[in-house]
Amino acid sequence: MTPADILARYDAQMRNDPPPEPGVRHERTGGVVRAVGRYNCILYSQLKADNADAAIAAQAAYFRDARTEVEWKVYAHDLPADLGPHLAYAGFIADNAETLMAFDLANDVAAGAMPENIVVRRIHDAQGLADLIAVNATIWDHGDVSRNEMYAQRLHDPSLGLYVAYAGDRPVAAARLELPHDRVFAGLWGGCTLPAFRGRGIFRAIVAARAQAARERGFQFLNVDAAETSRPILERLGFIALCGVTGWRLKAAI
């Protein structure tokens, strides 16, 4: 499949018809598909130049009335081509640009030696969850209580994989793998490594562990929204770029 073919399949399976998620309901309204609940996001839109402003205004009013933040995910091929400026006019603010990347699981992640004295584990118990939360809190500099509660509730959910890399007994990296039912894409999310342990191949090792788990479950592709710091590493591992993606956020009404 070409990158364009993979992107079209991703749009169809993961954006236009998003898989169910605990604590989130998906709604189709006003030319958009939105997620509402544990997080709020416009996942997909089918807009034109002559209706974009009205559709954006309707979504902004909905979430402002709910007094909650929302993110509008804009992919480079979304229409109209100037969707970003339309969102800016409505008060949305752009996050850092990322790249949607995919990896064909018919291949192996580019070979590399396992980092010395590092063990990657898929965690299944309260201690492992505490280790993952500790790494996340250090890297992201915040405590996302709702997300941590979701992890606890889904600790034994086969559609979620939580991974921690350990240097001895110390948790030094963490990541998440989403394995949605009846889809060909498994998602890589939340990968992070403590600064003192970067550059040792831990990132690659935790990607490889998740790739193996997804392959064993019969998935065809991995997908990831890659930051500019991660993109070169992922390219070396065999991931391909599909398109740029930018999250546009509208703050909650006070």
Side-chain angles (χ1 to χ4, degrees), residues 9-10 13-26 33-41 43-44 71 73 98 100-105 109 118-140 142-166 171-193 202-227 230 234 237 239 245 247:
R9 199 166 185 185
Y10 181 85
Q13 287 199 4
M14 307 303 290
R15 299 182 64 209
N16 191 28
D17 182 24
E21 299 179 71
V24 176
R25 68 180 185 274
H26 294 124
V33 177
R34 67 190 183 197
V36 179
R38 186 178 56 78
Y39 70 91
N40 302 292
C41 184
L43 302 169
Y44 183 70
E71 178 187 22
K73 298 270 280 192
E98 297 179 319
L100 174 65
M101 306 186 77
F103 180 81
D104 187 339
L105 287 165
V109 171
I118 299 295
V119 176
V120 176
R121 298 175 186 151
R122 184 170 180 174
I123 60 101
H124 298 283
D125 58 19
Q127 182 57 59
L129 180 58
D131 292 339
L132 179 138
I133 290 171
V135 173
N136 285 345
T138 300
I139 300 301
W140 308 125
H142 66 79
D144 188 334
V145 175
S146 66
R147 180 171 296 181
N148 294 341
E149 290 175 349
M150 180 272 289
Y151 291 157
Q153 293 166 2
R154 297 181 62 195
L155 197 55
H156 301 290
D157 181 348
S159 70
L160 175 68
L162 298 176
Y163 289 79
V164 177
Y166 293 87
V172 298
R176 178 169 112 247
L177 173 66
E178 293 284 353
L179 300 154
H181 176 67
D182 198 27
R183 299 293 190 275
V184 300
F185 293 91
L188 304 186
W189 300 95
C192 57
T193 305
I202 298 173
F203 182 94
R204 183 194 67 241
I206 211 164
V207 169
R210 289 179 289 171
Q212 181 61 27
R215 185 183 296 109
E216 291 172 354
R217 288 281 300 276
F219 285 85
Q220 189 173 351
F221 299 102
L222 298 176
N223 65 270
V224 58
D225 290 349
S230 301
L234 292 166
L237 296 181
F239 284 72
V245 56

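Positions are given from 1 along the sequence.
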*Which pair of non-hydrogen atoms, one from Ile123 and one from Leu129, has the smallest distance, and what is that distance?*
CD1-N, 3.6 Å
*Could you pull out the closest heavy-atom pair between Ile206 and Ala165, with the gap in Å?*
CD1-N, 4.2 Å
*Search all heavy atoms of Ala211 against all heavy atoms of Leu105 and return the closest pair with its distance.*
O-CD2, 3.6 Å
*Do the non-hydrogen side-chain atoms of Phe203 and Ser230 ever get within less than 4.5 Å of each other?*
yes
*asked:* Please tell me whether Gln212 and Glu216 have a donor and an acceptor in their side chains that are separated by less than 3.5 angstrom.
replied: yes
*Quick one: OH on Tyr151 to CG on Leu160, what's the gap to the nearest 0.5 Å?*
7.5 Å
*Return the minimal non-hydrogen interatomic distance between Glu71 and Gly247, and the atom names on each side.*
OE2-CA, 3.3 Å
*Nearest 0.5 Å, what's the CG-CD distance between Asn148 and Gln153?*
11.0 Å
*Kindly compute the distance separating SG (Cys192) from CZ (Arg176), expressed to the nearest 0.5 Å.*
11.0 Å
_Between OG1 on residue Thr193 and CD1 on residue Ile202, distance to nearest 0.5 Å_ = 6.0 Å
*Got a second to check how far Arg215's CZ is from Asp104's CG, nearest 0.5 Å?*
9.5 Å
_Pro22 to Arg38 - nearest heavy-atom pair and separation_ = O-NE, 3.8 Å
Show the atom names and distances, to 0.1 Å, of all donor-acceptor pairs under 3.5 Å that link a side chain in residues 180-189 to residues at least two apart or in another chain.
{"unit_1": "Arg183", "atom_1": "NE", "unit_2": "Gln13", "atom_2": "O", "d": "2.8"}
{"unit_1": "Arg183", "atom_1": "NH2", "unit_2": "Asp17", "atom_2": "O", "d": "2.7"}

Determine all donor-acceptor pairs shorter than 3.5 Å in which one atom belongs to a side chain in residues 218-227; sequence neighbours excluded.
{"unit_1": "Gln220", "atom_1": "OE1", "unit_2": "Arg9", "atom_2": "NH1", "d": "3.2"}
{"unit_1": "Asp225", "atom_1": "OD2", "unit_2": "Lys73", "atom_2": "NZ", "d": "2.6"}

*Taking Arg15 for its side chain and Leu43 for its backbone only, find out whether a donor-acceptor pair lies under 3.5 Å.*
yes
*With rounding to the nearest 0.5 Å, note down the distance linking CG in Leu100 to CZ in Phe239.*
11.0 Å
*Are Asn136 and Arg147 side-chain neighbours, meaning at least one heavy-atom pair lies under 4.5 Å?*
no
*Might you point out which heavy atoms bring Asp157 and Arg122 nearest each other, and give the distance in Å?*
O-NH2, 4.5 Å
*asked:* With heavy-atom distances below 4.5 Å as the criterion, would you say the side chains of Phe103 and Val207 are in contact?
replied: no
*Exam field: side chain Arg217 to backbone Pro158, donor-acceptor pair closer than 3.5 Å*: yes
